[in-house]
Amino acid sequence: VSATSYGWLVLAFPLAGMLVNTFGWRVLPGRLPGWIACAAIFGAFLAAIGALVEIQDRPEDARSLVDSAWTYVATGDVNVDVAILIDPLSVFMCLVVSGVSFLIHVYSVAYMGGDRGYTRYFAYLNYFVFSMLLLVLAANFVLLIVGWAFVGAASYLLISFWYRRSTATHAGIKAFVMNVIGDVALVIAAFLLLDKTGSLEYSGVFEQAGEVFAPNDSTLVAACLLILVGAFAKSAQLPLHTWLPDAMEGPTPVSALIHAATMVTAGVYLIARTHPLFELAPAAADVSAIIGTATLLFAATVALAVTDLKRTIAYSTISQIGYMVLGVSVFAYGAGLFHLMTHAFFKALLFMGAGSVISAMGGIQDMDRMGGFRRAMPFTFVAFLCGALALAAFPLTSGFFSKDEILAFTIARGGWYWALAIAGYAGALLTAFYAFRMVFRVFWGDPVPEARELEQGHLAHHPPANPASGEAEDTDVGFPAEEHHIAEREWPMRTAMGPLALLAIVAGALQIPGVTDVVEHFLAPTFEDSRFHDTAPTEGAELIGLAVGAVISLLGITGAYVAYVRRRGVTLQLRDRYRRVHAFLVNKWYFDELYDAVFVRPLATAGAFGRGVIETDFVQGFIVGGSTGIVRVGTSFARAIQTGYLRGYALLLLVGVAALALYFLLNSS
Amino acid sequence: VTIHLSIILFLPLATGFIGAFLPRGLARWAVLAGTVAVLAYAILLLADFDSGGGLQYVTDDEWIPELGIRYQLGVDGLNLFMVVLTALAWVPCTLVAALRDRERPKLFFFHMALAETAVLGAFMAQDLALFIVFFDLMLVPFYFMIGGWGTGDRVRATTKFVIYTLAGSLLMLAGAIALGVLSTPEGGEISFSLAELQRRSVSEGTQQWIVLLFALAFFVKAPLFPLHGWVPETYRSTPIVTLALLGGVLSKVGVYGFLRIVLPVMPEGAQHWQELFVVMAVFSILYGSVLAFSQDNVRLVVAYSSIAQLGFIVLGIFAFDDKGAQGAVLQMLNHGLVVVPLFLIIGVIVARAGGSESLSELGGLAFRAPVLATLFLIVAFATLAMPGSANFVGELLVLFGSYEDKFVYGLVASAGVVLAAVYTIRVFQRTMHNRPGAAVASREIGRIDLAAVVPLVAVIVALGVYPNFVVDRTERATTASIEEARNVSQAVASR
């Protein structure tokens, strides 16, 4: 079996899983739909391994294979096939996506156990994975955009999965529209590239780009910036990030799968995929690096202040993706993608742990109401701790090595990139602090009633209410599920969290400076053409960076320990002293309010203006009024001759035109 | 010379007449059988179509020789899929109509049949006078269906509908006669045959005002801002099956007219107004989109969204670029394919809500009607031209075509893509999601409606997977249609 056949199989399995669950929803019993979905993703994972083995057998310069199935659209200079590209980068992404997705599917089998939308949930989930794999396997920009939009659609469906909640449907539409903005930007970028290079295929575009574009050519920079708009919309980077925290309305495994581990990293993948363009347009790459850095700092500050557990992790995701964007934008592709992988492990794990805690809390997500779960939920605690350690870049965990590598590369670029690296280290300090703020607030301290109940074996149930709005749930239809599932009692959840906890701790071993170089070496053929091979940091520099990173991580964790365990209440004092700062952070720098004032309300006003003024006064009043005026004359005339005015009017007009026609014809001969 | 197209053309009308002599209850089945037969014939036509050939299945007879009017029919890439769309749309609409009891059923179904014949005639006519005959004939059955079986203030609705479309038609008629007369060479015979008109020439100044007359008729029909004054009331009052045909199929006749008549016959005139029409198209896209998401009546959301979608099609045509025109032709089919099921689904939804069409009173249908929700979702995604649908390919080509020469207009039009996402998802959510409205009884879609909607959805999905099926068959004729206009436009640009 060739590598490309494995590639098609990677796509076929999730698609088949989706179709089985879509058409079998009435007959599939119990948890079977969940297991079908898991099997489909596992199939995709095995196929991805098959592709990996196949391309590793090939010589390094022949590891990029394209296979096209049928012509998608061919007219004029637009010539697009349904074609997949198998190369180290796409195989790497397939492995990460299908592997992490599989574990999240397994987790979901239990976590979503009592939900009335169980089958629908898994059909959506498989559809998402199919779309994501299509995105990474696409061999041209059009198919990329298709996958790109599909993951947006899947994300929309899963965010508003509990569609009786107005907050969920509202969050869904917000995410969808932001994503469409990104799609449109990609369409325009694709046109610019087609116009100059005459191709929409990656290979064609990249080959031609070097010849038709001078460095920092204005068209190319424009195209790259548009690609960035697409990437940032999907990856929730400034200023297109506002949808992601709201996306936490979806079920928690969805947050783990889509809004942490896979979809939101698509922007990073895209920049890495189009790296030949960014290397020709370093101005655009610099913009990207700066925005990535700004985002990582911004989101980390917000994560310090918000009290909703899931939203804290969401801001953490935005921040961590900022690191990845920084990495691929300073041409540290291996490092950026390595961080993408480790982040997928530990962030999925954190969400899984959070889901378990939220279940134990009976659906409540506010950290102010949590505490002392350490004894009641030992497994969840340990797993969450592993995730938090990796997030905080605790020495020797996976996040420690991956984050550091990005910053070391940034420093190695020299010049003003130093400033970005320093900002990155500042962000790392905040990261360690907020990561352990979560740990200490949720698991330390006096057990809250729910934790105490759980210690005695009772799961807390509150009257079902929307955690975001406090609104009573529509229990008439029974979802979100009234039953709650925690890792302590469900083996599928533990089965999923175990491997991720392990990976979060040890995956760093793949890339230890001076020792191992597995990821970068594997990806090397894709990035062979990079002009920035030589800027890689020296081993010594990397080790110094690691030492600095370790100190910062420990500092942050200690800070959190002091603030939330040793001297509890100190944060409350701080909050009272700097009320304005706190309000600024808790309101997420007022981005939502800004967009509301700049986009949403003007559009609504335009709509009201169109309806109230243009339609009534101009179209109906002026244009219609004029013609009805004529009609009225005709009408009264028609009434007078008792024929029913319309028919009479029509008849008269026809007679008139016939006369006109006759006149012309008679004149002509 | 074949008789195939004549059979397709008059089959519906014949079944309508037959139905008139059958007992009350049977007329509908006769007409339904006729639509099915037409569909079968159209599919054969499609299978037999030669994508490399020009005009096919040509019928060409004398009709009114004194006036140079011929009975001339033919199918090429421009109208092949319009004929298929017509045949495909009439079956489910007739089916759904047949299952609802209404007053004077014989008459209603006669009008349905007549309408199909008229629309097919307008699409297949290769003689300008014949085109106008059918174009105006379309008005008759729709006028009676809205006036006789409509709801609400149907008198007002029919008044506006008729005045607008009739005024447009008459202007076009005047333009057509002028074109025929003025293009007749010294001592030659007058002719309305499109092929002949294309060979003859009219001075540029004459072309300009004739094009304007045609454009008024076509823009009213489309509809495009600001000639859409008839739309709100008509869409509110028309019976839903009739509306599906009106919005899905009739709206294409106008834009089709540009490609069939205006651009090939009067390229200089078309070029003269290019800028104005592009501006109108772009404005329609924005205006229709913004109004679509501020409407409360679910029919009107689709009404205004159609104004936006037709704006895209006109933009594609008047970009005078191969890709743009190709996208427009594809979009003409796609838009029809989504609007018909959209209205059929809206019919089902409204029935669940006790007749209410207000978005604020709908909601929460999805829970007990997952199949309905899924079908609606697919149609909604296609409507907003989500990548992966053929509508996306159409819009992509339209945008690519407009970027080519009219980059700024294209950029502004791109905003319409985002707005489409807003208003489409809004309708989906307000009907399917959120809490159920007070009067909403959530029930699954019935078998008949299912049988009507599923084939259309299947076609939407199939074309999404393989849009080149359409592109391949339409490319030749589309390119030929805009060739002259593009050459003129390039000549003007280089001047």
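Throughout, a chain's letter reflects where its sequence line sits, starting with A, and its residues are numbered from 1.
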Side chain, backbone, both or neither of Ser389(B) within contact of chain A (heavy atoms, under 4.5 Å): backbone
Residue pair Asn434(B) / Thr169(A), side-chain donor-acceptor N/O under 3.5 Å: yes
Greatest number of non-hydrogen atom pairs under 4.5 angstrom with chain B, of Val177(A), Asp195(A), Val187(A), Val80(A), falls to Val187(A)
Go through the atoms of Phe469(B) and report whether side chain, backbone, both or neither lie under 4.5 Å from a heavy atom of chain A. neither
Going by heavy atoms in the side chains, are Val393(B) and Tyr72(A) under 4.5 Å from each other? yes
Would you call the rings of Phe381(B) and Phe176(A) parallel, tilted or perpendicular, where under 30° means parallel and over 60° means perpendicular? parallel
Show the nearest heavy-atom pair for residues Val180(A) and Val418(B), with the distance to one decimal. CG1-CA, 3.8 Å
pair Phe191(A)-Glu404(B): side-chain heavy atoms closer than 4.5 Å: yes
Pick one of side chain, backbone, both or neither for Ala190(A), based on which atoms fall under 4.5 Å of a heavy atom in chain B. both
If you look at every heavy atom in Tyr466(B) and Thr71(A), which pair is closest and at what distance? CE1-O, 3.3 Å
What part of Ile425(B) gets closer than 4.5 Å to chain A, counting heavy atoms only: side chain, backbone, both or neither? both
Sort Ser414(B) into side chain, backbone, both or neither according to what part of it lies under 4.5 angstrom from a heavy atom of chain A. both
Using a cut-off of under 4.5 Å on heavy-atom pairs, state which of Ala292(B), Ser169(B), Pro467(B), Ala176(B) scores highest against chain A. Pro467(B)
Applying salt bridge (Lys or Arg N to Asp or Glu O under 4.0 Å), which residue pairs with at least one partner in residues 390-400 of chain B are found, sequence neighbours left out? none
Does any N or O in the side chain of Asn468(B) come within less than 3.5 Å of the main-chain N or O of Ala74(A), such that one atom is a donor and the other an acceptor? yes
Which atoms of Trp25(A) approach chain B - backbone, side chain, both or neither, heavy atom under 4.5 Å: side chain
Output every pair passing salt bridge (Lys or Arg N to Asp or Glu O under 4.0 Å) with a member in residues 166-181 of chain A, not counting sequence neighbours, ordered by first then second residue. Lys174(A)-Asp246(A), Lys174(A)-Asp592(A)
Quick one: what part of Val184(A) sits under 4.5 Å from any heavy atom of chain B, side chain, backbone, both or neither? side chain
Counting heavy-atom pairs under 4.5 Å with chain A, the top scorer among Gly388(B), Gly180(B), Ala420(B) is Gly388(B)
Within a reach of under 6.0 Å around CZ of Phe23(A), are more than 12 heavy atoms found that belong to other residues, nucleotides or ligands? no
Do Lys323(B) and Asp77(A) make a side-chain contact, defined as non-hydrogen atoms from C-beta onward lying under 4.5 Å apart? yes
Quick one: what part of Val422(B) sits under 4.5 Å from any heavy atom of chain A, side chain, backbone, both or neither? both
Specify the closest pair of heavy atoms between His433(B) and Ser160(A), including all atoms of both residues, with the distance to one decimal. CE1-O, 4.4 Å
Heavy-atom contact with chain A under 4.5 Å, split by part of Leu139(B): neither
Among Thr478(B), Leu419(B), Val465(B), residue most engaged with chain A (heavy-atom pairs, under 4.5 Å): Val465(B)
Test side chain to side chain contact (heavy atoms under 4.5 Å, CB included) applied to Phe392(B) and Ile145(A), Val73(A), Asp183(A), the passing residue: Ile145(A)
Does some side-chain heavy atom of Pro387(B) sit less than 4.5 Å from a side-chain heavy atom of Phe150(A)? no
